[in-house]
Amino acid sequence: MASHLKNLSDFSHTTIPNGENYKFAIAVAEWNANITGALYQGAYDTLIQHGVKEENISSFPVPGSFELPGAAEIILHKKTNVDAVICLGCVIQGDTKHFDFICEAVANGITNVGIKYSKPVIFGVLTTNDEQQALDRAGGKHGNKGDEAAITALKMADFSATIS
Ligand SMILES: Nc1c(NC[C@H](O)[C@H](O)[C@H](O)CO)[nH]c(=O)[nH]c1=O
Ligand SMILES: CC(=O)[C@@H](O)COP(=O)(O)O
């Protein structure tokens, strides 16, 4: 469903697991920091709201979204007790094809790291045509993609922990 047809921050809170027993890492890109900062705050606040302890959230800034898959790899290689990694970024179309290459590399890279480590690695990356679309999805009229990424991380961490 397109974001304009749903609010990224609208969830039935009865179906969201309590996160008190889970540890999360958040990798956040510094490119478009006004957007990614809002995504980060949304994700952090949502994790806390659902019982995650402050000491169980570790945060890792990286230069750009292209660095997110590598950061997730390093985090999961070195911090084996992390239950899920949330990757946050904002890629905005420019004048060249650079956007296409970054978006594909980031999406594929994040997918591959999650599979490699059998750990949830959440794609919380906005890929927009312009800044307004990003603002609308980082706490604007369409909600906050960071909230959505945190909810997904909670659900997948619980899924991973409870599957026999
Ligand atoms: N244009 C955007 C970038 N570009 C930078 C890359 O992500 C990367 O840091 C660079 O190519 C060096 O490896 N990054 C974003 O996150 N958002 C953009 O709009
Ligand atoms: C997504 C990008 O890397 C892009 O914002 C860079 O802009 P440009 O394509 O005009 O170089």
Side-chain angles (χ1 to χ4, degrees), residues 1-11 23-49 52 54 56-79 82-157:
M1 177 185 291
S3 294
H4 72 265
L5 297 175
K6 75 182 285 292
N7 188 301
L8 296 168
S9 304
D10 186 17
F11 290 89
K23 296 181 187 296
F24 296 91
I26 306 177
V28 53
E30 294 170 329
W31 256 78
N32 301 311
N34 60 319
I35 302 293
T36 61
L39 297 179
Y40 173 84
Q41 197 61 55
Y44 184 90
D45 291 348
T46 299
L47 291 177
I48 297 295
Q49 179 186 353
V52 179
E54 286 186 26
N56 287 341
I57 303 173
S58 50
S59 302
F60 303 92
V62 297
S65 293
F66 188 83
E67 282 70 44
L68 289 171
E73 161 88 28
I74 294 165
I75 291 164
L76 291 173
H77 180 70
K78 294 195 172 185
K79 297 175 70 73
V82 165
D83 294 297
V85 180
I86 298 169
C87 294
L88 301 174
C90 176
V91 188
I92 299 175
Q93 177 66 61
D95 299 333
T96 72
K97 291 177 64 66
H98 199 223
F99 171 90
D100 301 333
F101 291 97
I102 291 179
C103 294
E104 182 170 359
V106 173
N108 290 336
I110 285 174
T111 300
N112 293 337
V113 173
I115 292 170
K116 175 178 178 180
Y117 285 92
S118 296
K119 287 279 180 78
V121 181
I122 308 307
F123 184 75
V125 181
L126 294 173
T127 56
T128 67
N129 295 314
D130 54 45
E131 186 177 29
Q132 188 57 53
Q133 285 185 339
L135 291 167
D136 291 345
R137 292 158 176 80
K141 64 181 180 180
H142 294 317
N144 192 320
K145 175 70 78 175
D147 299 359
E148 179 194 53
I151 297 296
T152 303
L154 283 160
K155 289 183 174 185
M156 289 308 294

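Hydrogens, waters and symmetry mates are skipped; everything else that's a heavy atom, side chains included, is used. Keep in mind that what you see is a predicted model, and the values were worked out from it rather than measured. Read the numbers this way: they start at 1 and go in the same order the structure lists the ligands and their atoms.
- Summary of contacts: the protein heavy atom closest to atom 14 (N) of ligand 1 is Trp31 CG, 3.4 Å.
- For atom 17 (N) of ligand 1, the closest non-hydrogen atom on the protein side is Cys90 O, 2.8 Å.
- In this structure a side-chain-to-backbone donor-acceptor pair under 3.5 Å is present from Asn112 to Asn108.
- For Glu104, the CD atom sits in a loose shell: 12 or fewer heavy atoms of surrounding residues, nucleotides or ligands are nearer than 6.0 Å.
- In this structure, Ala150 and Ile86 approach most closely via the heavy-atom pair CA-CD1, 3.9 Å.
- For ligand 1, the atoms lying closer than 4.0 Å to a non-hydrogen atom of Asn32 are 17 (N), 18 (C), 19 (O).
- For the pair Gln93 (side chain) and Thr96 (backbone), a donor-acceptor distance under 3.5 Å is present.
- Near Gly64, meaning under 4.0 Å from any of its heavy atoms, are these atoms of ligand 1: 7 (O), 9 (O), 16 (O).
- Between the side chain of Asn32 and the backbone N or O of Cys90 there is at least one donor-acceptor pair closer than 3.5 Å.
- The option with the heavy atom closest to atom 6 (C) of ligand 1, from among Ile102, Thr127, Leu126, Val106, is Ile102.
- Sorted by chain and number, the heavy-atom contacts of ligand 2 below 4.0 Å come from Val91, Ile92, Gly94, Asp95, Thr96, His98, Phe99, Ile102.
- A donor-acceptor contact shorter than 3.5 Å is absent between the side chain of Gln41 and the backbone of Ala38.
- No side-chain donor-acceptor contact under 3.5 Å links Glu67 to the backbone of Pro63.
- Interface of Phe66 with ligand 1, defined as ligand atoms under 4.0 Å from a residue heavy atom, comprises 6 (C), 7 (O), 8 (C), 13 (O).
- With a 6.0 Å radius and a threshold of 12 heavy atoms from other residues, nucleotides or ligands, Phe123 has its CZ atom above the threshold.
- Among protein heavy atoms, atom 19 (O) of ligand 1 sits closest to Ile92 N, 3.1 Å.
- Given atom 8 (C) of ligand 1, the protein heavy atom at minimum distance is Glu67 OE1, 3.4 Å.
- Ala25 and Val82 get closest at one heavy-atom pair: N-CG1, 4.0 Å.
- The minimum heavy-atom distance between Leu126 and Ala134, with the atom names listed, is CD1-O, 3.7 Å.
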